[in-house]
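Here is the structure we will look at.
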Amino acid sequence: MGVKVPLVSKVSGNTFFGLAAVKAFDSGFPGSFFPSVNEHVISVEPDKVLWAFRAIMKAAGSKNGVILISDERRDISAMLKDKLKDEENISVLGANGYSGAGLDNAVAEWMLKVRAYAGNTLSAADSRPLVYSSLELLRACDALTGEKPVTRALVYCGGEVASPGFYDVPLGTRYNDVVEACSPLLPAGDYAVLTGNTSGDSLKDAIETDVSVPVTKDTKRIIVLPLNHTFIEKVQTPLMNMIRRISSVCSQCRLCTDMCPVYLNGGNLYPHLIVRDIAEGKAVASQWIAGANYCISCGICTAVCPSGISPMQINEFIKDIIHESGVGGVAAESTVSAQDGKADEPVPVVEMTAAARAGGTAAKANVVGYASSRKLSAEKLAERFGLSGYEGNANEPLHVPGAVHTVNGIPIAEMRLSQAGGNATSVVTTGERVAAGDLIAQGGENGEPSLHAGIAGTVSVADKERIVIVSAGE
C-alpha cells in the first residue's frame with residue numbers, strides 16, 4: 001500500500017520493546033518553528049492513529065505506550081486523554097519547545113519522563129523505545145486496513161509566500177510547483193527552501209537550492225527563504241573557513257557548552273572543548289572530540305556563539321567520520337588541521353574515553369541545579385536564526401493546523417526509489433500510461449514500501465533511481 005508497515009519493518013522475531021511512543025510533532029530542524037504536520041494528523045484522525053498504535057504495542061509486547069505532544073496543544077492533549085481514559089497503559093505526556101531547535105530535540109528530557117512513567121522497572125534492553133510519528137501511524141492504519149495506497153503528501157508551505165498553510169499534494173510534485181500554489185513573494189531563481197528532512201544528520205542538508213527536487217513521503221515542510229538569508233549563509237559556510245575562524249576568534253567562553261541541551265541533561269558533550277581540540281588539529285579519538293557523536297544537531301550552540309562560530313557544523317563533520325568508520329574502526333580522515341586543512345594519518349576512532357565518561361558524570365551532578373534556567377525556547381531560537389515571522393498567520397498562535405489546500409493539475413511527478421528504502425523495483429516502462437494510484441515500484445523483501453503513481457500520465461523515465469510521470473492533463 002506504499003507504506004513501510006511498522007509491524008513488519010520494526011517488530012520481528014522475539015524482539016521485545018518495553019516502551020512504545022508516538023511523536024505528535026515534526027522531527028528534524030526546525031521542528032517546532034512552524035505548524036506541525038504530525039499535530040494536524042493526530043488532531044483530525046486520532047482514531048486511526050490510536051488504532052495503529054495499539055496494534056504496534058500488541059505486536060511488540062510493549063508494557064507502556066506514550067503519546068508525546070507539545071505543551072501548547074492542550075486542546076489535542078485533552079481530546080486524546082478523553083479517548084484514552086479507560087486505558088491504563090497509554091499515557092499522554094507534554095513536551096515543551098525548549099532544549100533545542102524544536103520538540104524532537106528534547107529527547108533526553110521526555111525519555112526521563114517516559115521511564116519515570118514506567119516506574120523505572122524496565123531493563124536497559126526492554127526500555128528501548130519503539131517510536132513512530134502520528135503521520136507514520138496514520139499511513140500504517142490505512143495500509144493495514146487496505147483502505148488506500150499512499151499517493152499524496154501533506155506539506156506545510158510557508159516563509160516568503162502569500163498563502164502559507166498546509167497543502168495536500170501528489171507525491172513527486174516538485175518543490176517549485178508547491179511554492180507556486182502558495183503564491184511566492186520572490187521570483188523564481190531567487191529563493192531556496194528549508195525542508196528539515198535531515199533526521200538530525202546535517203543542518204546543511206535542510207537547505208535545498210534545487211527547487212525542482214520532488215516531494216517524498218518524508219517531506220513535511222517547504223519554507224521559502226531568499227538566497228541571501230542569514231541562516232542559509234551561516235549553515236553553508238565551508239568547513240575549513242569555519243575552522244580557520246575558530247582559530248582566530250574563539251575565546252573559550254564556553255557559552256556553547258553551557259547552553260547545550262545534551263550537556264544540560266548530563267551528557268558527555270562539551271562543544272567548547274571540541275572546538276578547541278579541532279582548532280589545535282587533534283584527532284577524533286581525543287578525550288573530548290569523540291563526544292561529538294552525542295550531538296543532536298539542534299543548533300543551540302551555533303545560535304548563541306558571540307563569535308559567529310558553528311560548533312554544530314564541526315560536530316556534524318566528526319559524526320560523519322565516526323559513522324563511516326564505525327565505533328572502534330579507523331577513520332580515513334580523522335584529524336583536521338586548522339593550518340592547512342589536510343588530514344593526517346588515520347587513527348583509531350573511539351566512542352568516548354574513560355576520562356570523558358567521568359567528566360559527563362560530574363557534569364550531570366553539576367548542571368542539574370541550573371539546567372532549567374539555561375533553556376532556549378524554540379521561538380527565541382527562530383529569532384536568532386532570522387526565521388521569526390515565518391511561522392504562518394501572525395494572528396494565530398504557533399502550531400495551529402489551519403485549513404488544508406488541495407493541489408491538483410501537477411504537470412510532472414518524480415518518484416524517487418530511495419524513499420522506498422532503496423530496494424523498490426520499477427514495474428513500469430518508459431512510454432507506459434498509468435493512472436493515479438497504480439503500482440509503479442514493488443517494495444523490497446524486508447518490508448520496504450512499494451510506490452504508487454501520484455498523478456495520471458505517461459512514464460517518461462523508469463530506471464533504478466526514479467520514475468518520472470508526465471501528466472496526461474486529466
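What you see below is based on every heavy atom in this structure, not just the backbone, and it leaves out hydrogens, waters and symmetry mates.
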Identified side chain to side chain donor-acceptor pair (under 3.5 Å) partner of R152 from the options N408, T173, T406: N408
Closest heavy-atom pair and its distance - Y175, P214: CE2-O, 3.8 Å
Minimum-distance pair of heavy atoms, taken over all atoms of K83 and P46: CE-CG, 3.7 Å
Donor-acceptor pair, side chain of N38 and main chain of L135, under 3.5 angstrom: yes
Any side-chain heavy-atom pair of P411 and D177 under 4.5 Å: yes
Pairing of R73 and D75 as salt bridge, 4.0 angstrom limit: yes
Donor-acceptor contact present, side-chain S307 to main-chain I309, <3.5 Å: no
Close aromatic pair by centroid cut-off 6.0 Å: F166 and H40: yes
Distance (rounded to the nearest 0.5 Å) between I467 CD1 and L417 CG: 5.0 Å
Expected output: side-chain S62 to main-chain N64 donor-acceptor under 3.5 Å: no
T429 (side chain) donor-acceptor with E432 (main chain) under 3.5 angstrom: no
Exercise: identify the closest heavy-atom pair between T195 and R221: O-CG, 3.0 Å
Heavy-atom donor-acceptor pair, D438 side chain to A435 backbone, under 3.5 Å: yes
Lys/Arg-Asp/Glu bridge criterion (N-O < 4.0 Å) met for K23, E136: no
Side-chain ion pair, D142 and R139, N-O less than 4.0 Å: no
Rounded distance (nearest 0.5 Å) linking atom CG of L225 with atom CD1 of I207: 6.0 Å
Least distance between heavy atoms, H272 atom then C256 atom: N-SG, 3.4 Å
Closest contact, heavy atoms only, T302 versus S310: OG1-OG, 2.8 Å
Note: E414-R416 ion pair, threshold 4.0 Å (strictly below): yes
Test item: side-chain donor near acceptor, D210 and S212, under 3.5 Å: yes
Minimum heavy-atom distance L171-A153, with the two atoms named: CD2-CB, 3.7 Å
